[in-house]
Protein chains: 2
Amino acid sequence: DKREDHDADQYDCSPTAEKTIDDILKGSPGNDERRALIDNLLRQDPWKAAKNIKNYMGRHNIPQREVVDSTGLNQSHLSQHLNKGTPMKNQKRGLLYAWWAKKKDEVAAQFKIAQSGMGAEQVEEAAGVSPRARRNRFKWGPASQQILYDAYQHQRNPTKEEREELVKKCNRAECNQRGVSPSHANGLGSNLVTEVRVYNWFANRRK
Amino acid sequence: DKREDHDADQYDCSPTAEKTIDDILKGSPGNDERRALIDNLLRQDPWKAAKNIKNYMGRHNIPQREVVDSTGLNQSHLSQHLNKGTPMKNQKRGLLYAWWAKKKDEVAAQFKIAQSGMGAEQVEEAAGVSPRARRNRFKWGPASQQILYDAYQHQRNPTKEEREELVKKCNRAECNQRGVSPSHANGLGSNLVTEVRVYNWFANRRK
DNA sequence: TTTGGTTAATAATTCACCGGA
DNA sequence: TCCGGTGAATTATTAACCAAA
C-alpha cells in the first residue's frame, strides 16, 4: 500500500482488511449465545431483522456510521438494506447481526454501570466499548427535539437556568425512550444532552 | 505538509491554497467584462444572485461539486447559501460569481463547437474546459426522467431499439431545456444521454 | 451572550458496475 | 440481457464552533 496510515491511529479497523464475525465478537464473554442469535437471524426474513435493527438504532440513536466502522460494510449498501430491504449476502448480514448482538450487550452494560457517579464518557469506557472506535457525534432524539421545540415557541432565548431545566427534561425523555431509569442518564454516552448542546440548538434554530 | 499529494495529480486545485478570483478567471479573454459582472453581482442582493445561479445550474445540470472544486468554497456552506440564503462574505461570493461568469462562457462555447461532428468529450476539451478538472458524473435531468418514466409505464424492458429511441428523445429534451438546437447534443458534455445510461436507468428502476 | 459566518460529519440518493444464468 | 449484489459519488442536513459586537 502506498500512503502512510491516515490520521487514524485511533480507529479500530484496518480499512483494507475484510472483517469477520470473530473480529466483531472478539473477546468478551457470552459469545456462544451471540452466535446462536446470529445464526438464528440469518435463517429468518432479512427484512424483519433489518426493521428490528433499525428500530433499535433509532431508539438508542446509534449512528449508522458506527455500524459501518465496526462491520466494514459499505455505507450505502447498509443504508439500502436497512431502509429498503435491498438484498445483502449472508456473509455480510452476519457481520451486521454480530455487531448488533454485541452492541446490545454493550448498551445494557453501559446503563448498568451508569448508576455509579461516573461521567458519561467514563461509563462508556468502563462498559468496554471498543476503545479504539471513533467517538460518536451527539445526535438529538425526536423526544428531546419535541421538548426543545415546545420551549422555543414560548421563548427563543432561554436563560441558563431554563436551559439547565431543559437538559434535565430531555435526558429524562431519552432515558424513558430507552426504557431505563432517568437516574442512569450517563449511560446515554455520546448522546447525553448538555447545556451547551441546548444552547447550540437554540442558536441554530434562530437562524 | 505531511502526506504526498493524494491520488490526484488530476485535479485543478491545491487543496490547501485559498483560491482567488484570478485563479478562477485565469487566461481566457473577455475577463474585463467578467469582472464587471462580478462586481455588479456583489453589489446586488445575494439571495437573488443565488437563485439565478441555482437556476442556471439546474438548467444545465451542473453538479454542485464542480463549483466546490473550482472555487474552493466549502460544500455545505455553498449548499446553504444557494438553497437557503445563508450569508456568505463578499470575498467568497466573489469566487462563486467568478466561477459562474466563466462557466457561462464555457458552456456557450461548448454548444457552439458542438455543431462540428466531435464527440461529447472532445467538445468539452475543445471548449477549453479547465483541463485538469475532474470529469463530472452524468446526471439525469427532470425532462429526461419524465420521458423515461412514461416509457416505463408502458414497457419495463425496452429493447435496444426502443432504448436508442429514448436516447434521442432525451437528448432532444435536454437541448431544449438549455435553449439550444437538438443538433448540438454533444455540447451536453458529461450529461449526454447514452444507451447504457438508459439501460441502467431501467435496470435500477426495476429494483 | 448572541449573531454572523463557517465547517466537519452524517446518510439518503443517484448512477454504475460486475458475475453469473 | 437481465438480476442479484455492491459501491463510489453527490449533496442536503445536523450539530458544532469562532470572531466580534
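Proteins come first, then strands; the chains are lettered A, B, ... in the order of their sequence lines, and each starts at number 1.
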Closest nucleotide of DNA chain D for A:M88 versus for B:I62: which of these residues is on the 5' side?
A:M88
Comparing nearest nucleotides in DNA chain D, the 5'-proximal residue of the pair B:R65, B:R163 is B:R163
What is the distance, rounded to the nearest whole Å, between atom [atom1] of [X] and atom [atom2] of [N]?
X: B:R205; N: D:dT1; atom1: CZ; atom2: P; answer: 21 Å
X: A:L78; N: C:dT13; atom1: CG; atom2: C1'; answer: 14 Å
X: A:R206; N: C:dG5; atom1: CZ; atom2: P; answer: 16 Å
X: A:E66; N: C:dA9; atom1: CD; atom2: P; answer: 16 Å
X: A:R156; N: C:dT2; atom1: CZ; atom2: C1'; answer: 12 Å
X: A:Y152; N: C:dT2; atom1: OH; atom2: P; answer: 13 Å
X: A:L96; N: D:dG5; atom1: CG; atom2: C1'; answer: 15 Å
X: A:E162; N: C:dT2; atom1: CD; atom2: P; answer: 11 Å

Whether the side chain of A:N171 engages the backbone of A:A185 through a donor-acceptor N/O pair (distance < 3.5 Å, no angle test) should be reported.
no
Quick one: which of C:dA11, D:dT6, D:dA8 gets closest to the side chain of A:T86?
D:dT6
Sole residue of B:R135, B:R137, B:K103 in salt bridge (charged side-chain N to carboxylate O under 4.0 Å, His left out) with B:E66:
B:K103
Is the phosphate of [N], meaning OP1 or OP2, less than 4.0 Å from a side-chain N or O of [X]?
X: A:K92; N: D:dG7; result: yes
X: B:Y199; N: C:dA16; result: no
X: A:K89; N: D:dG4; result: no

What is the ring orientation for A:Y56 with A:H60, classed by angle as parallel under 30°, tilted 30 to 60°, or perpendicular over 60°?
tilted
Once the angle between the rings of A:Y152 and A:W201 is folded into 0 to 90°, is it parallel (under 30°), tilted (30 to 60°) or perpendicular (over 60°)?
perpendicular
Please confirm whether B:K102 makes a cation-pi placement over B:W99, using NZ or CZ under 6.0 Å from the six-membered ring centre and within 45° of the ring normal.
no
Salt bridge between A:D39 and A:R35, side-chain N to carboxylate O under 4.0 Å?
no
A:E174 and A:R178 ion-paired at < 4.0 Å:
yes
Sugar-phosphate means primed atoms, P, OP1 and OP2; the rest is base. With that split, encode nucleotides 13-21 of chain D 5' to 3' as B, S or - using protein heavy atoms under 4.0 Å.
BBBB-----
Report the residue (B:P87 or A:N157) whose heavy-atom-nearest nucleotide on DNA chain C is the more 5′ of the two.
A:N157
